[in-house]
Amino acid sequence: MRIRALLLLLPASTALAQDRAPLRQATPEEQQARAAVSIADYRYGDLLWENDRIAFRIYSRALEQAEPPSSSGIDAWGKRVRWPYMDRQLRTGDQHADHGEGLDFYNVGTGRGVGGLGVWHDNKLWTSRNYVRPRIASAGPQVADFTVDYEPWPVDVARTVSETRRFTLPAGTNFTRMVSTLRSNRAGPLIVGIGISKRPVPPGQLGKITKDAERARLTWWGPTDPAKGTMAAAVMVDPRAFAGFAEDADNYLILVRAEPGKPFVYYAGAAWDRGPDFATRESWQAQVDKETPDFTP
């Protein structure tokens with residue numbers, strides 16, 4: 001009781017520090033893996049996946065009450081190492097600091113993050129709540145592969161939709177392949193908006209966006225945080241289903257046509273300029289340009 005009372009009297013930042021731990025070094029066996037998936041049941045069910053190049057996270061329903069506002073957007077983490085580090089980093093209690101292997105400083109907020117989606121209707125993006133029912137097909141060591149559901153959400157008063165989405169991230173790429181199947185209580189096509197969050201770092205600087213309508217690609221090179229570096233992102237959709245570009249207060253969007261009950265494929269990727277692969281906007285754009293995605297469901 002005395003220790004608990006003392007913690008209550010400490011400033012919030014000091015009390016939080018009591019829960020922090022050093023980053024545990026990866027074992028030799030762990031350093032051989034090139035992909036991983038894990039569910040952080042110690043932190044509201046965050047679902048973490050990564051490969052030898054990049055790392056991502058989505059949020060469970062438990063986080064909605066614990067740390068509002070929360071969203072079904074996709075978080076991206078920069079990494080310096082070729083082996084999995086997200087679970088060990090998150091367990092430090094200080095994932096936003098660079099402990100030598102990478103860090104999380106891309107703030108999703110209420111946006112789509114790197115490749116989250118919604119239904120674009122009446123010039124507004126209608127989005128789901130956080131994921132439910134995760135099913136892991138492969139937790140590594142060469143590919144991260146899992147499926148989640150997003151429970152029904154309203155699209156204005158026009159319809160209600162739900163989603164099942166499969167995420168696949170093999171070693172050697174910065175892009176997660178996603179297969180989305182939307183279901184609707186009303187027939188008729190949908191326009192889906194897939195987003196990259198507008199994340200000013202520092203406030204007022206939004207980075208640089210490149211729109212490629214011919215190849216149906218949206219590329220972002222973020223503003224630079226002097227202490228933490230620069231994040232980059234890109235989304236690629238099937239040119240045959242491409243429906244244009246849009247944006248709202250939170251997101252840059254690429255639009256794609258979809259039919260309820262029929263799966264469609266898109267790719268979302270990210271990079272960090274302090275990682276080993278893409279130090280400049282030009283090198284990231286060159287990688288996006290040379291990607292050859294397979295859009296077959």
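Predicted, not measured: the structure shown is a model, and the values here were computed from it. In what follows, every heavy atom counts, from backbone to side chain, and hydrogens, waters and symmetry copies are set aside. The first residue of the sequence shown is numbered 1, and numbering continues consecutively from there.
Between R80 and D98 there is a salt bridge, since at least one side-chain N of the basic residue sits less than 4.0 Å from a carboxylate O of the acidic one. Here E30 pairs with R24 in a salt bridge; the nearest charged N to carboxylate O distance falls below 4.0 Å. Checked for salt-bridge contact, D145 and R135 miss the test: no charged N lies under 4.0 Å from a carboxylate O.
Transitive grouping of hydrophobic side chains (ILVMFWY, heavy atoms separated by less than 4.5 Å) brings L218 and V256 into a common cluster. Hydrophobic clustering, with ILVMFWY side chains joined whenever heavy atoms are under 4.5 angstrom apart, keeps F278 apart from W272. The hydrophobic cluster containing V237 also contains F264, counting ILVMFWY residues as joined when their side-chain heavy atoms lie under 4.5 angstrom apart, directly or transitively. With hydrophobic clusters built from ILVMFWY side chains whose heavy atoms lie under 4.5 angstrom apart, W49 shares a cluster with Y131. Placement of I74 and L48 in two distinct hydrophobic clusters is found when ILVMFWY residues are connected by side-chain heavy-atom separations under 4.5 Å, directly or transitively.
Listed here is the closest heavy atom pair of L103 and Q89: CA-NE2, 3.8 Å. Here the closest heavy-atom approach between residue R165 and residue Y150 is recorded as NH2-CE1, 3.7 Å. In plain terms, the two heavy atoms of R240 and F295 that are nearest each other are NH2-CB, 4.3 Å. Between G45 and S60 the shortest heavy-atom distance is O-CB, 3.7 Å. Contact between V143 and S138 at its shortest, heavy atoms only, is O-OG, 2.9 Å. Across every non-hydrogen atom of L63 and S70, the tightest pair is CD2-OG, 3.6 Å.
Judged by distance alone, the side chain of D87 and the main-chain N or O of L90 form no donor-acceptor pair under 3.5 Å. The closest donor-acceptor contact from the side chain of N251 to the backbone of L253 lies at 3.5 Å or more, if one exists at all. With D277 contributing its side chain and A271 its backbone, the two residues share no donor-acceptor pair below 3.5 Å. Using a distance-only test at 3.5 Å, with no hydrogens or angles considered, no donor-acceptor pair links the side chain of T224 to the main chain of P226. Proximity of a side-chain donor or acceptor of R43 to a complementary backbone N or O of G93 within less than 3.5 Å is not detected. Put simply, the side chain of H121 never gets that close to the backbone of V155: no donor and acceptor are under 3.5 Å apart. Judged by distance alone, the side chain of W220 and the main-chain N or O of L206 form a donor-acceptor pair under 3.5 Å. Although no hydrogens or angles enter the test, the distance criterion places a donor-acceptor pair under 3.5 Å between the side chain of N174 and the main chain of A270. Although no hydrogens or angles enter the test, the distance criterion places no donor-acceptor pair under 3.5 Å between the side chain of E50 and the main chain of V37. N130 places no side-chain N or O within 3.5 Å of a backbone atom of R61 that could act as its donor or acceptor partner.
Ring centroid separation for the pair W284 and F175 comes in under the 6.0 Å cut-off. Separation of the W77 and F56 ring centroids does not fall under the 6.0 Å cut-off.
Note that CH2 of W120 and CG of D122 are 9.5 Å apart. Values are rounded to the nearest 0.5 Å. Separation of atoms CZ (F146) and OG (S38) is listed at 10.0 Å; rounding is to 0.5 Å. Residue Q32 holds its CD atom at 10.0 Å from CD of Q142, rounded to the nearest 0.5 Å. Summarising the geometry, atom CZ belonging to R57 is positioned 4.5 Å from atom CG belonging to D75; distances are rounded to the nearest 0.5 Å. Here L125 contributes atom CG and D248 contributes atom CG; the two are 6.0 Å apart, rounded to the nearest 0.5 Å. Note that CG of D273 is 13.5 Å distant from NZ of K228, once rounded to the nearest 0.5 Å.
Screening residues 197-212 for salt bridge (charged side-chain N to carboxylate O under 4.0 Å, His left out) gives K198-E247 as the qualifying pairs, with residues at least two apart or on separate chains. Sorted by first then second residue, the salt bridge (charged side-chain N to carboxylate O under 4.0 Å, His left out) pairs that include residues 284-297, not counting sequence neighbours, number zero. Sorted by first and then second residue, the side chain to side chain donor-acceptor pair (under 3.5 Å) pairs involving residues 177-187 (not counting sequence neighbours) are R159-S184, E163-S180, T164-R183, R177-Y267.
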*asked:* Go through it in stages, so that I can follow the logic: the residues are L169 and F167, the test is side-chain contact (heavy atoms from CB on, under 4.5 Å), and I'd like the CA-CA distance, side-chain angles, deciding distance and then a yes or no.
replied: CA-CA 7 Å; L169 179 67; F167 300 69; over 6 Å; no

*Given the rule in the side chain to side chain donor-acceptor pair (under 3.5 Å) test, do S128 and S72 qualify, once you have shown the distances and angles that lead to the verdict?*
CA-CA 6 Å; S128 73; S72 54; 3.2 Å; yes

*Would W221 and I209 count as a side-chain contact (heavy atoms from CB on, under 4.5 Å) if you check the C-alpha gap in whole Å, the side-chain angles of each, and the deciding distance to 0.1 Å?*
CA-CA 7 Å; W221 183 261; I209 199 82; over 6 Å; no

*Go through the steps to decide whether S197 and Y252 satisfy the test side-chain contact (heavy atoms from CB on, under 4.5 Å), and finish with yes or no.*
CA-CA 6 Å; S197 288; Y252 300 106; over 6 Å; no

*Evaluate side-chain contact (heavy atoms from CB on, under 4.5 Å) for Y59 paired with D46, printing each intermediate quantity in order.*
CA-CA 5 Å; Y59 306 105; D46 289 0; 3.7 Å; yes

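Contact of the R129 side chain with the E151 side chain is not registered, since no non-hydrogen atoms from C-beta on lie closer than 4.5 Å. By the 4.5 Å heavy-atom criterion applied to side chains, T168 and M178 are not counted as neighbours. A 4.5 Å side-chain heavy-atom check between V288 and R217 finds at least one atom pair inside the cut-off.
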Would you mind writing out the side-chain donor-acceptor pairs for residues 189-196 within the sub-3.5 Å range, not counting sequence neighbours?
none

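Applying the side chain to side chain contact (heavy atoms under 4.5 Å, CB included) test to V81 and every residue at least two apart in sequence or in another chain returns K79, W83, Y85, E101.
No more than 12 heavy atoms of other residues, nucleotides or ligands sit less than 6.0 Å from atom OH of Y44.
Of the candidates L117, T127, D250, R112 forms a side-chain contact (heavy atoms from CB on, under 4.5 Å) with just one, namely T127.
In this model, a donor atom of one side chain and an acceptor atom of the other lie less than 3.5 Å apart for T210 and R281.
In this structure, K124 satisfies the cation-pi test against W126, with its NZ or CZ atom closer than 6.0 Å to the six-membered ring centre and inside 45 degrees of the ring normal.
Counting side-chain heavy-atom gaps under 4.5 Å among Ile, Leu, Val, Met, Phe, Trp and Tyr, L23 is found in no cluster with other residues.
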